[in-house]
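Because the structure is a prediction, the values reported are computed rather than measured.
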Amino acid sequence: MMKRIWLLLLTLLMSMTMSVTAFAGVWKTGEGANQNRWWYDNEDGTYAQNGWQWLDGNQDGIAECYYFDSTGWLLSDITTPDGYHVNEDGAWISAGGVETRAVQNTPASPKTTAKGERVLIVYFTRTGTTEQAAQQIQQLTGGRLVELEPEAPYSDSYEITIGRAERELKSNARPALVTRIEQMETYDTVFVGYPIWHGDAPMVIDTFLDSYDFTGKTIVPFCTSGGSGIGTSMQTIRGLCPNSTVLQGIRVGSAGRLQTWLEQLGF
């Protein structure tokens, strides 16, 4: 009986001392040897690390509490360094099950560029090349960086991925996305980045552009490619966003060329 009372007191103390603010963000998996490990991207250039944090990853207003190590990896199915238990999903559990808390989510505030525009940088990547380009644009514009993640990930095999991409292009498919953009209406300019597959943007880009109202916004495409240009994909984007201003995009090469392009566009 005393043991149960002590456990309840510990649980109450922990819930009182830990932060109750849940920040908007995205769960992501590692790569290579860490492909089965999870971390939490706050989508403002930071990530969860060094202890406990309440997170509402699916934005349903109910947060769970997770423990992250000093390098940002989620602990799961283990006893944490301070003596609490987390389940296979990494959520803190007590005698009553998974601990939850109703929260008011606080999405990251859009940053404003020198010319007063709030910028979002959205990208899809398979090998990481487009991600690097998106990060360079983020550094030069100060915009918010968000990765588009499909519900059904693309294979690590180039041949399998290209085969799937061809089928999706021919069928005008709209592959489902895990990523959800909060407060899309607050952004004035949206950079959209992607690799070129079969001469066009991957169909996940079409899914993204179909999912939000871009009326009155400025869209800035950028792509990575071994040789194909950006022209066809720009025609696709203009067709999907007829009420937006679609600026001349770029196939990303050197950082210097990228900076010159942004300066020409007024960023």
Does some side-chain heavy atom of [Y] sit less than 4.5 Å from a side-chain heavy atom of [X]?
X	Y	value
P195	C223	no
L74	Y67	no
D41	W39	yes
I78	V86	yes
I196	S233	yes
T100	W92	no
K28	E149	yes

[X] side, atom [atom1]; [Y] side, atom [atom2] - distance, nearest 0.5 Å:
X	Y	atom1	atom2	value
I250	I230	CD1	CD1	8.0 Å
R238	L209	CZ	CG	13.0 Å
L120	T189	CG	OG1	10.0 Å
E147	E131	CD	CD	5.5 Å
T161	D156	OG1	CG	7.5 Å
D206	N172	CG	CG	6.5 Å

- For salt bridge (charged side-chain N to carboxylate O under 4.0 Å, His left out), just list the numbers for K217 and D188, CA-CA rounded to whole Å, side-chain angles, deciding distance to a tenth of an Å, and then say yes or no. CA-CA 5 Å; K217 297 184 184 300; D188 303 306; over 6 Å; no
Kindly work out whether a path of hydrophobic side-chain contacts (I/L/V/M/F/W/Y, heavy atoms less than 4.5 Å apart) joins [X] to [Y].
X	Y	result
L177	L169	no
Y123	L247	yes
M203	Y158	no
M184	V178	no

Would you say the ring centroid of [X] lies under 6.0 angstrom from that of [Y]?
X	Y	value
F124	Y154	yes
F214	Y187	no
W27	Y66	yes
F191	F267	yes

Work out which heavy atom in [X] is nearest to a heavy atom in [Y]; give both atom names and the distance.
X	Y	value
I181	T179	CD1-CG2, 4.1 Å
M234	G249	SD-N, 3.2 Å
G193	I205	O-CD1, 3.9 Å
S70	N50	CA-OD1, 3.0 Å
R164	P175	NH2-CB, 4.5 Å
I219	C241	CD1-SG, 3.5 Å

Hey, does the side chain of [X] reach the backbone of [Y] with a donor-acceptor pair shorter than 3.5 angstrom?
X	Y	result
R251	S225	yes
H198	I162	yes
D69	T71	yes
S244	V246	no

- Task: Go through V220 and V190 one step at a time and tell me if the side chain to side chain contact (heavy atoms under 4.5 Å, CB included) criterion holds.
- Result: CA-CA 6 Å; V220 191; V190 182; over 6 Å; no
Are [X] and [Y] close enough that a side-chain donor and a side-chain acceptor fall under 3.5 Å?
X	Y	result
T130	T224	yes
D200	T236	yes
D82	W52	yes
Y84	T79	no
E88	S76	no

- List the steps and the verdict of side chain to side chain contact (heavy atoms under 4.5 Å, CB included) for Q136 and F222. CA-CA 12 Å; Q136 292 172 5; F222 65 97; over 6 Å; no
- Message: Is the ring pair Y40/F68 parallel, tilted or perpendicular, if the boundaries are 30 and 60 degrees?
- Response: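 Ring orientation of Y40 relative to F68: tilted.
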- Task: Decide side chain to side chain contact (heavy atoms under 4.5 Å, CB included) for Y194 and V122; before the verdict, give the C-alpha distance in whole Å, the side-chain angles of both, and the deciding distance to 0.1 Å.
- Result: CA-CA 9 Å; Y194 45 87; V122 173; over 6 Å; no
- Could you tell me whether N87 atom CG has more than 12 heavy atoms of other residues or ligands within 6.0 Å of it?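 Above 12, so yes.
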